[in-house]
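Numbers here are sequence positions counted from 1. Because the structure is a prediction, the values reported are computed rather than measured.
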Amino acid sequence: MAEHLTRLELDEWLSGLDTTGHAERHVAACPACGMIAERMRQARASSLEQPRAKAVLARLEEKRAHSAKPRWSWAVPLVAALAAGLALIVYVPRGAEDGVRLKGTVALRLLSEQGAPVMDARPGEHVTLAVGTGPYRNVLVLAVDEAGTVDALWPPEGQTSGTVEPGAEVKLSPPLEVTPGSVALHAFFADAPLDVAQARDALTSRVAESRAKGQGALDVATPGDVGKAQARTLLRVLP
């Protein structure tokens, strides 16, 4: 197996800028790069729901639509590349190949009992939530199941978010036992405590809106108006 792709190469591939097919073949054959690419894809989907991203992309699309005689063919790739850049502003996933986090970013992932990143699991297995806290001390994690039900996942009890140490990846305890049915996990970060009920209501409302449009509950983007920063990941539960 050739050496792993860089995040820039993965970002170009996700943006549709890799015309050689090299990145696609590598991701298909390399589980490590495939896992990082999936986290980047999830981060982009969440970030593009943010008001700033929508406003910028709308302006670009409007300018392109009003151009009577376009002279260049890079308008669409430019939008895709900018979208990728906007995604990275909100969430920069931590890659297994370098172990480096940028200051000020947040992240959410699941770890196995051996400490390996988990995206697929079976009922009965145990996983641990891990968050990249960035500069924030208060963290709240909610879960959305396939039926659209929203539950508080961490902290396991209480009416407000839990407290963590800022600036590093933190493993949240206790470990979780996987139950049947895939779930989307949404993490919210803030300087001050977050109200669990308010966050749950905001996410429940977003789920209802998305399902009314025919979208699945697991595809809902994390509400950007809860907390100072957000991250999202998906746990696929196998039969």
Side-chain angles (χ1 to χ4, degrees), residues 38-57 83-94 101-111 117 127-145 148-174 176 183-211 215 217-235:
E38 179 61 23
R39 291 205 301 268
M40 294 174 69
R41 182 183 291 110
Q42 293 174 2
R44 177 181 303 183
S46 177
S47 298
L48 291 180
E49 289 294 323
Q50 305 300 318
R52 177 186 175 187
K54 289 183 176 181
V56 171
L57 295 178
L86 289 172
L88 294 177
I89 291 174
V90 177
Y91 174 98
V92 179
R94 178 179 182 177
R101 290 180 59 253
L102 299 181
K103 181 179 180 181
T105 64
V106 298
L108 171 66
R109 62 176 182 161
L110 290 162
L111 303 176
V127 296
T128 297
L129 285 169
V131 292
T133 60
Y136 305 108
R137 290 186 176 275
N138 293 272
V139 178
L140 172 63
V141 182
L142 302 181
V144 180
D145 64 17
T149 302
V150 180
D151 290 313
L153 198 61
W154 195 89
E157 57 184 21
Q159 303 302 314
T160 60
S161 53
T163 303
V164 298
E165 284 297 321
E169 183 174 74
V170 176
K171 294 180 181 179
L172 305 179
S173 60
L176 308 171
V183 291
L185 307 181
H186 301 260
F188 305 89
F189 303 80
D191 300 313
L194 294 165
D195 185 271
V196 173
Q198 291 182 357
R200 185 193 293 115
D201 289 346
L203 185 53
T204 299
S205 178
R206 179 65 64 87
V207 170
E209 293 173 359
S210 296
R211 298 193 72 178
Q215 300 174 354
L218 301 185
D219 299 322
V220 172
T222 306
D225 55 353
V226 178
K228 295 288 187 178
Q230 303 80 31
R232 176 185 181 279
T233 191
L234 177 69
L235 176 63

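- Looking at every heavy atom in both residues, Ala229 comes nearest to Tyr136 through CB-CE1, 3.8 Å.
- Annotation for Val141 and Ala187: closest pair CG2-CB, 4.2 Å, computed over non-hydrogen atoms.
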Residues Leu203, Val226; criterion side-chain contact (heavy atoms from CB on, under 4.5 Å); working and verdict: CA-CA 9 Å; Leu203 185 53; Val226 178; over 6 Å; no
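- Residues Val139 and Pro155 come closest through the heavy atom pair O-CD, 4.1 Å.
- Listed by chain and number, the residues in a side chain to side chain contact (heavy atoms under 4.5 Å, CB included) with Val183 are Asp145, Leu185, Leu235 (sequence neighbours excluded).
- Counting only residues at least two apart or in different chains, side chain to side chain donor-acceptor pair (under 3.5 Å) contacts with residues 183-199 comprise His186-Thr222.
- Here CG of Leu218 is found 7.5 Å from CZ of Arg232. Values are rounded to the nearest 0.5 Å.
- To the nearest 0.5 Å, atom CZ of residue Arg200 and atom OG1 of residue Thr149 are 11.0 Å apart.
- The minimum heavy-atom distance linking Val196 with Ser161 is given by the pair CG2-N, 4.4 Å.
- Residues passing the side chain to side chain contact (heavy atoms under 4.5 Å, CB included) test with Leu176, sequence neighbours excluded: Val127, Leu129, Leu153.
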Criterion side-chain contact (heavy atoms from CB on, under 4.5 Å) on Trp154 and Val131, from CA distance to verdict: CA-CA 11 Å; Trp154 195 89; Val131 292; over 6 Å; no
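- The closest donor-acceptor contact from the side chain of Ser210 to the backbone of Arg206 lies under 3.5 Å.
- A pairwise comparison of heavy atoms in Leu140 and Ala199 identifies CD2-CB, 3.5 Å as the closest pair.
- In plain terms, the two heavy atoms of Gly224 and Gln230 that are nearest each other are O-NE2, 3.5 Å.
- For Gln159, the side chain to side chain contact (heavy atoms under 4.5 Å, CB included) criterion is met by no residue, not counting sequence neighbours.
- Here the straight-line distance linking atom CG of Leu108 with atom CD of Glu169 works out to 9.5 Å at 0.5 Å rounding.
- Thr160 meets the side chain to side chain contact (heavy atoms under 4.5 Å, CB included) test with Pro193; sequence neighbours excluded.
- In this structure, the side chains of Leu172 and Val164 come closer than 4.5 Å at one or more pairs of heavy atoms.
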